[in-house]
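Heads up, the thing below is written out as C-alpha cells.
Indexing begins at 1, ligand by ligand and atom by atom, following the structure's order. Position 1 is the first residue of the sequence, and the numbers go up from there.
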Amino acid sequence: MDLIDPYGRTVRDLRISITDRCNFRCTYCMPEEGMKWLPREEVLTYEELARVASICVGHFGVDGIRLTGGEPTMRAHLPILVQKLAVLQVPADASSPRAGKPIDLAITTNGATLRLIAQELRNAGLARINISLDTLKKDRFFEMTRRDELEHVLDGIDAAIDAGFSPVKINAVVQRGINDDEIVDLATFGRDKGIEVRFIEFMPLDASGTWDNSQVYSQEEIVAAISKVYPLELMPARGAAPADRWRYLDGKGTVGVIPTVTKPFCGDCDRVRLTADGQFRTCLFATNEFDLRVMLRNGADDDAIAAEIQRAVGTKWAGHNIGNVTFVRPRRSMSQIGG
Ligand code: SAM
Ligand code: SF4
C-alpha cells in the first residue's frame, strides 16, 4: 500500500538519523560545547532501526533509505546496520519504479573517518555516499568545523571513489561572507574528481539559533557564480530529489543546488524521517513528532507501528514556510533531527 500524505504526495524516501553525536562542531549546525546528547538507552538499536525500515519498505513500498545524523560513522559497527538494511527488497507489487529490487541505500557523512571504513561499507551493501565539504582551505575548514580534519576528509573522498561507490557526491553549505568565494573552486574540485558537488542553501536549523536570511547565499547567486566560469545547462525536472541540477556544457559532469530557502521544493517532497531516539517526523522543519520508540519497546506489532506511521503522514503539511511570519523553528536542530 502506498503511503500518501494529505497533499497527494507519495512517501518513498526514509532518512534515518542513527546518532545525534558528532566528531565535528560545524558552526552552522552545532555549538562548540554544551550539546546535550541523547542518553544511550534512548537511541534505537540496530535491530529497532532495521525493524522500522523494514515496515516502511514492506508495508509502504519505501524504496530509498539514507543514513545520517549527527555523524553516522560515529556508531560502532556501522557495516552491520548497513548489512541489515541492504537486504531489504521493495515489494514486487509496490508502485515504485524499484519494485522487486533492493532499496537504494545511501549515507551522508562528514568523511573524517571514511578512509578507514569506505570499503567495508561498500562490501556490506551501501550503494551511495554524500560527503560534506564546504571549503578547500585548511584554516577555513578549521574555522567552519572547529576540527583540523581537511586532509582526512579529502582522503575519505578518494577512498569512497576507490571503493566503487556510485555516485559519490559532495555536499557544500554556502554561507554569505564565510565561504561564498569558494563556489567556483569547489565546483572545479568536483569536475576534476568526476563527482557532483551539491551546494546547499544555509537553513534555519543551526543550534545557536542565529540564522537570518542575509546569510543565505541563494541558488540564483550560486549558479551565476559557476556559470561565469563554466557555462551550464539546466537539466530536466528533478522529480522528488531536493537538488536542481545543471550540466557543464563542456561535458565535464554535473552540479546541483538545494534551494531549500529561496525555492522550496516541498510540493514534490517524498521524504519522512526517523530520529536517533525513534521519533518519526514528516518534515525536517516539522514541529511535531510521533514516538515509535515507545511502541517498539512496548511490544507493538508491525501493523500497529505501520498504522502510527500512516497517522503521522496524515499530518504532513504542504510546506515549511521559511521566510514567512508563520515559520516556527523546530525545537531540535539539524544534528538532532538528522540532515
Ligand atoms: N554529519 C554528516 C554530515 O555533515 O554530512 C551528516 C549529518 S549533517 C546534519 C547533514 C547535512 O546537513 C550536511 O551536508 C551538512 O552540511 C548539512 N547542514 C547542517 N546544518 C545545516 C544548516 N544549518 N543549513 C544547511 N545545511 C546544513
Ligand atoms: Fe556534525 Fe554534520 Fe553537523 Fe557538521 S553538519 S556538526 S559534521 S552533524
Which of the numbered atoms in ligand 1 are under 4.0 angstrom from any heavy atom belonging to [X]?
X: E201; answer: 25 (C)
X: T68; answer: 6 (C), 7 (C)
X: N171; answer: 14 (O)
X: E71; answer: 1 (N), 2 (C)
X: N110; answer: 2 (C), 3 (C), 5 (O)

Check: Does at least one non-hydrogen atom of G69 fall below 4.0 angstrom from an atom of ligand 2?
Finding: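 Contact absent.
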
With no hydrogens and no angle check, just 3.5 Å: does a side-chain donor-acceptor pair link [X] and [Y]?
X: T262; Y: E220; value: no
X: D134; Y: Y28; value: yes
X: R176; Y: S214; value: no
X: E196; Y: T254; value: yes
X: T73; Y: E71; value: yes

Note to self: Using every non-hydrogen atom in the two residues, find where E32 and R146 come nearest and quote the distance to one decimal.
What the structure shows: N-NH1, 3.4 Å

Margin query: Can you name the atoms of ligand 2, numbered from 1 with element, that are less than 4.0 Å from a heavy atom of C26?
Written below: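 Under 4.0 Å from C26, ligand 2 has these atoms: 4 (Fe), 5 (S), 6 (S), 7 (S).
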
Notebook entry, point to check: Which ligand 2 atoms, with their elements, are less than 4.0 angstrom from a heavy-atom of C22?
Noted result: 1 (Fe), 6 (S), 7 (S), 8 (S)

Notebook entry, point to check: Got an N, O or S from C29 under 2.8 Å of atom 4 (Fe) of ligand 2?
Noted result: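 False for C29.
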
Next item on the list: Please check if atom CD in E33 has more than 12 non-hydrogen atoms from other residues, nucleotides or ligands closer than 6.0 Å.
Entry: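 Not more than 12 within 6.0 Å, no.
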
For the 3.5 Å polar cut-off, considering only N or O atoms, please tell me whether [X] and ligand 1 meet it.
X: T109; result: yes
X: C22; result: no
X: Y28; result: yes

Check: So is G69 in contact with ligand 1, going by heavy-atom distances below 4.0 Å?
Finding: yes

Next item on the list: Could you establish whether G70 and ligand 1 come within less than 4.0 Å of each other, counting only heavy atoms on the residue side?
Entry: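 A heavy atom of G70 does come that close to ligand 1.
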
Should [X] and [Y] count as an ion pair when the cut-off is N to O under 4.0 Å?
X: R9; Y: D270; result: no
X: R191; Y: D250; result: yes
X: D162; Y: R115; result: no

Notebook entry, point to check: How does V173 reach ligand 1, by side chain, by backbone, by both or by neither, if only non-hydrogen atoms under 4.0 Å count?
Noted result: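 It is the side chain that gets close, since no backbone atom is under 4.0 Å.
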
